[in-house]
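Note on naming: letters A, B, ... go to the chains in the order of the sequence lines (proteins, then strands), and numbering restarts at 1 for each one.
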Amino acid sequence: MTGHGTDNARPDNFIEQIIARDNASGKFGGRVVTRFPPEPNGFLHIGHAKSICLNFGVAKRFEGLCYLRMDDTNPLKETAEYVASIQNDVRWLGFDWEDRETHASDYFEQLYQFAEELILRGRAFVCSLSLDEIRATRGTLTEPGQPSPYRERGVEENLDLFRRMRAGEFEDGAVVRGAKSYMAAPNINLRDPVLYRVRRAHHQRTGDAWCLYPMYDYTHCLSDFIEGVTHSLCTLEFEDHRPLYDWVLDTLATPHHPQQIEFSRLNLEYTVLSKRMLNALVTEGHVDGWDDPRKPTIAGMRRRGVRPAAIREFCERIGVTRSDGTVEMSALERCIRDDLEAVPRGLGVVEPLKVVLTNYPEDGEEWFSAAQHPQDESLGSRDIPFCRELWIEREDFMLEPPNKKYKRLSPGAEVRLRYGYIIRCDEVITGNDGEAVELRCSVDLESRAGGANAERKVKGVIHWVSARHGVDVELRLYDRLFNEPNPGGLKDGRHFTEVLNPDSLTLRHGVVEPHLATLAPGSRVQFERMGWFYLEPERSTAEKPVFNRIITLRDTWS
RNA sequence: UGGGGUGUCGCCAAGUUGGUAAGGCACCGGAUUUUGAUUCCGGCAUUCGCAGGUUCGAGUCCUGCCACCCCAGCCA
C-alpha cells in the first residue's frame with residue numbers, strides 16, 4: 001500500500017505501484033499528471049468508465065492532476081455533439097477536470113512546428129506515394145518493408161513541400177508524410193509511419209483553418225508532453241505503439257518525457273464494448289440511440305436508472321491489470337443492486353391479476369402504514385390504500401404448484417399481503433384458455449399487525465395494489481441485449497446482430513400504489529419483490545408515469 | 001511461421017529480496033426476515049497453463065513446450 005486515500009482494504013494496482021515507486025525515486029519530481037483522452041467519435045461506455053476512474057482516481061490519490069482531453073485529430077469522424085456527450089458523461093460519473101479541458105486540436109500549431117523541426121532534423125519526409133503504394137511497400141508481419149523512393153528527399157525540399165501542404169496546394173490524401181525510422185523493423189508501427197495527412201475536412205473545432213491533420217501516434221505523445229503528463233495510461237493494443245511514442249519525443253528531445261503504461265481494456269459478458277458495434281446498433285436501428293437503456297454506454301445506463309456510484313464501485317472491484325479477461329455481468333449487477341439497496345420501497349404490480357376479497361365490505365377501505373425502507377427508519381413511512389378488489393402479480397399465483405417449496409398463492413393456499421392481511425384463495429375463475437382471470441379470496445380480518453392473528457405464520461408474502469386506488473403506469477422491463485456471452489467475438493461466423501436478445505425490452509402496463517405516482521421524475525424505488533425502478537424523466541408525463549426496471553432483485557429461488 | 005503481450009478457484013484479482021495461495025463476484029449450506037430481497041454466520045485452489053530443473057523449500061528463479069490476445073488504417 002502507498003498509504004494514500006482512506007480505503008486501505010484494496011491493494012494497489014500495478015500502475016499505482018509504479019507511480020508510488022516513481023514518486024519515491026523522484027522520477028517526475030513527485031508530480032503526477034494523467035489524462036483521459038477520448039476521441040469524440042461516439043458515446044462513452046463502461047469500458048471508458050474504467051479508464052476514467054483509473055486516470056482521475058490515480059490523480060486524486062497521488063494529489064496530482066487529470067486532464068480531460070479530446071483526441072480530435074480525425075475531423076471525418078468527430079462531432080461537437082460527441083464532445084458534449086463525453087463531457088456530460090464524465091461529469092455525471094463524478095469527476096471534475098476543473099480548467100483542464102483540452103483538445104488535441106488546441107495544439108495543431110505547436111504540432112506543426114514540431115513537425116518542421118522533425119524535418120529539419122532529417123527525421124521526417126514528405127512522401128508522394130499513394131495510399132495503395134504505401135500499403136504495398138509496408139511489408140507484412142514476416143517480411144520487411146521497402147523504403148519509399150521519396151525517403152531521401154532533401155530537407156529544403158521536404159520543408160517546402162510540407163509548407164505547401166499546409167497552404168493547401170495538395171489534394172486530399174494525395175500527399176502524406178512518414179517518419180524516417182526503420183523500414184525493416186519487426187514492429188510494423190515503426191516502418192516510416194504516417195504522421196500527417198492532407199484532409200480537406202471541416203473540423204468541429206478548428207473549422208477550415210487546417211487542411212492537414214496529424215495522426216494519433218504523432219499527436220498523442222506530444223499532447224502528453226505539452227500538458228506535462230507524467231503517466232500516460234492507455235490500453236494494451238497501444239503497447240506496440242510505445243516505441244513510436246518514445247521515438248517522437250526522443251527525436252524531438254523534449255525536456256519532459258511522459259511514461260506510457262498499458263493496461264487491459266474491459267470486456268463484459270453479454271454485451272459489446274466497441275464503438276464500431278455500438279454505433280452499428282444505433283444506425284441499423286437495433287436500439288433507440290446511444291443512450292438506449294439496454295446499451296452499456298454511460299448515457300444508456302444513466303437513462304436506465306443506474307447511479308454513478310455503482311459504476312465507480314464496479315471499476316474499483318474489477319481492478320487494473322495487464323491480463324485479458326471478460327468480467328461476468330453478475331459483477332456489475334451486484335454493484336448496481338448494492339448501490340440501490342438504500343432506496344425507498346413501494347408496491348407495484350407488473351402483470352396484474354384481479355383478486356376479489358369476498359368477505360370484505362363492498363365499500364370498505366383502509367389505509368395501512370408502511371415503512372419506506374425495512375432497515376432504515378429515517379426514511380419514514382407512507383400510507384397504502386386497501387379495498388375489496390386488488391391486483392396481485394400474475395406470477396404469484398399457480399393453479400398447480402410444482403412442489404412443497406412453493407410459497408405463493410394457489411387454490412386453497414394462504415399468503416400474506418405485504419403490510420396487510422392474510423388471504424386464502426377459495427375460487428379461481430378461468431378464461432377460455434384455462435388461464436386464471438380472477439381469484440376469489442377470503443381475508444382473515446384478524447391477521448394484520450395488531451390483530452389477534454397477527455403472528456399467524458403463512459408460507460409466503462406477496463405484493464399487491466388496491467384496484468380502486470392503483471395508478472396505471474407504463475413499465476419498461478430491460479434485460480440483457482445479447483443472448484451470447486461474447487457477441488462481438490462469435491466463433492461460428494454469426495454476426496453480433498444475429499444474437500440480439502429479442503426480449504431485451506418488454507413493455508408492460510402495470511399498476512402501482514398511489515404514492516409512487518407522486519414521485520418526482522428521476523426518482524428510484526424498489527417495487528418489493530420485483531426489482532428497482534426508475535421514473536424516467538424523459539418519457540414520463542403527468543398523466544402517464546413511465547418506470548424503467550433498472551434491475552431485478554437477486555433471485556435465489558431454486 | 002515476424003514482433004509485442006498474457007496465463008493463480010466458474011469470473012475478476014492479491015501474491016514485489018523464494019518460506020509454505022488475500023479479497024470480491026458467482027455458487028452451496030445455515031440463522032434472522034410480513035420482500036424467496038437485505039443482513040448475518042459457515043463452506044468453496046494440497047494448488048498457481050504444461051513438463052523438466054535449481055533449492056531444505058518455487059505461484060515466485062532457470063530451461064523447454066502449450067494456449068490465448070494485439071499489430072500489416074492516410075482510425076484512435
Closest to side chain of A:Lys77, choosing from B:C75, B:A37, B:A14: B:C75
Passing option when A:Tyr196 is tested against A:Phe108, A:Tyr218, A:Tyr213 for ring-ring contact (aromatic ring centres under 6.0 Å, His included): A:Tyr218
Rounded distance in Å between the C1' positions of B:A51 and B:A14: 27 Å
Rounded P spacing from B:A22 to B:U46 in Å: 12 Å
Of the listed nucleotides B:C71, B:A37, B:G36, the one nearest the side chain of A:Arg529: B:G36
OP1 or OP2 of B:U6 under 4.0 Å from side-chain N/O of A:Thr321: no
Spacing of A:Glu133 atom CD relative to B:A72 atom C1', expressed in whole Å: 17 Å
Euclidean distance for P, B:C40 against B:U32 (whole angstrom): 16 Å
Glycosidic conformation of B:G73, taking syn as within 90° of 0 and anti otherwise: syn
Heavy-atom donor-acceptor pair, A:His241 side-chain to B:A76 base, under 3.5 Å: yes
Electrostatic pair A:Arg205-A:Glu78, nearest N-O below 4.0 angstrom: no
Within 45° cone of A:Trp532 ring axis and under 6.0 Å: A:Arg307 NZ or CZ: no
Pair A:Tyr216 + A:Phe238: ring centers closer than 6.0 Å: yes
Length of the CG-C1' vector between A:Leu266 and B:C11, whole Å: 12 Å
B:C25 to B:G42 separation - P atoms, rounded to the nearest Å: 15 Å
Closest-nucleotide ordering on RNA chain B, the 5'-leading residue of A:Asn13 and A:Glu269: A:Glu269
Separation of atom CG in A:Leu553 from atom C1' in B:G36, rounded to whole Å: 10 Å
Under the side-chain contact (heavy atoms from CB on, under 4.5 Å) test, residues paired with A:Gln146 that sit two or more places apart: A:Thr137
Restricting both atoms to N or O, compile the protein contacts to nucleotides 1-4 of chain B shorter than 3.5 Å, with distance only.
{"from": "B:G2", "atom 1": "N9", "to": "A:Leu141", "atom 2": "O", "distance (Å)": "3.2"}
{"from": "B:G2", "atom 1": "N3", "to": "A:Leu141", "atom 2": "O", "distance (Å)": "3.1"}
{"from": "B:G3", "atom 1": "N2", "to": "A:Asp240", "atom 2": "OD2", "distance (Å)": "2.6"}
{"from": "B:G4", "atom 1": "O2'", "to": "A:Asp240", "atom 2": "OD1", "distance (Å)": "3.3"}

Interatomic distance at P, B:A13 relative to B:C66, whole Å: 26 Å
Under 3.5 Å between N/O atoms: give me all the protein pairs with nucleotides 26-28 of chain B, atom names plus distance.
{"from": "B:C27", "atom 1": "OP2", "to": "A:Arg554", "atom 2": "NH1", "distance (Å)": "3.3"}

Identity of whatever pairs with B:G2 - Watson-Crick or G-U, under 3.5 angstrom: B:C71
Same-atom distance (P) from B:C62 to B:U55, integer angstrom: 16 Å
Sugar-phosphate only, base, or nothing, as touched by A:Lys405 at under 4.0 Å among non-hydrogen atoms: base
Where at least one partner belongs to residues 451-465 of chain A, residue pairs that pass salt bridge (charged side-chain N to carboxylate O under 4.0 Å, His left out), sequence neighbours excluded: A:Glu414-A:Arg456, A:Asp444-A:Arg456
Any A:Gln17 side-chain nitrogen or oxygen under 4.0 Å from OP1 or OP2 of B:G15: yes
Presence of salt bridge, A:Glu143 and A:Arg191, under 4.0 angstrom: no
P atoms of B:A21 and B:A58, separation to the nearest Å: 12 Å
Distance in angstrom units between A:Leu190 CG and B:C70 P, rounded: 21 Å
Salt bridge flag under 4.0 Å for residues A:Arg69 and A:Asp106: no
Is_stacked (A:Tyr216, B:A76) at 5.5 Å, 30 deg: no
Would you give me the side-chain donor-acceptor pairs under 3.5 Å for residues 269-279 of chain A, sequence neighbours excluded?
{"from": "A:Ser274", "atom 1": "OG", "to": "A:Met277", "atom 2": "N", "distance (Å)": "3.1"}
{"from": "A:Lys275", "atom 1": "NZ", "to": "A:Glu39", "atom 2": "O", "distance (Å)": "2.9"}
{"from": "A:Lys275", "atom 1": "NZ", "to": "A:Asn41", "atom 2": "OD1", "distance (Å)": "2.6"}

A:Arg10 CZ to B:G15 P, straight-line distance once rounded to whole Å: 15 Å
Paired nucleotide for B:U16 [Watson-Crick or G-U wobble; both distances under 3.5 Å]: none
Geometric class of the A:Phe43/A:Trp290 ring pair [parallel <30°, tilted 30-60°, perpendicular >60°]: parallel
Sugar-phosphate only, base, or nothing, as touched by A:Lys491 at under 4.0 Å among non-hydrogen atoms: sugar-phosphate
Closest listed nucleotide, where the reference is the side chain of A:Met215 and the choices are B:G36, B:C12, B:C75: B:C75
Sugar-phosphate, base or nothing in reach of A:Leu417, heavy atoms under 4.0 Å: base
Aromatic centroids of A:Phe368 and A:Tyr421 separated by under 6.0 Å: yes
Short side-chain N/O contact from A:Arg199 to OP1 or OP2 of B:C74, under 4.0 Å: no
Counterpart residues, salt bridge (Lys or Arg N to Asp or Glu O under 4.0 Å), relative to A:Glu81 (two or more places apart): none
Nearest-nucleotide 5' precedence on RNA chain B, A:Glu237 against A:Asp132: A:Glu237
Phosphate OP1/OP2 of B:C69 contacted by A:Ser323 side-chain N/O (<4.0 Å): no
Salt-bridge criterion met for A:Arg322 and A:Glu239 (N-O under 4.0 Å): yes
Any A:Arg197 side-chain nitrogen or oxygen under 4.0 Å from OP1 or OP2 of B:G73: no
Nearest-angstrom distance from the residue atom CG of A:Asp12 to C1' of B:A22: 14 Å
Pair assignment for B:C65, Watson-Crick or G-U wobble, requiring both distances under 3.5 Å: B:G49
Distance, C1' atom - from B:C44 to B:G10, rounded to whole angstrom: 12 Å
Counterpart base for B:U60, defined by Watson-Crick or G-U wobble contacts under 3.5 Å: none
Gap between atoms NE2 and P, on A:His463 and B:U33 respectively (whole Å): 22 Å
Nearest-angstrom distance from the residue atom CZ of A:Arg322 to P of B:G7: 9 Å
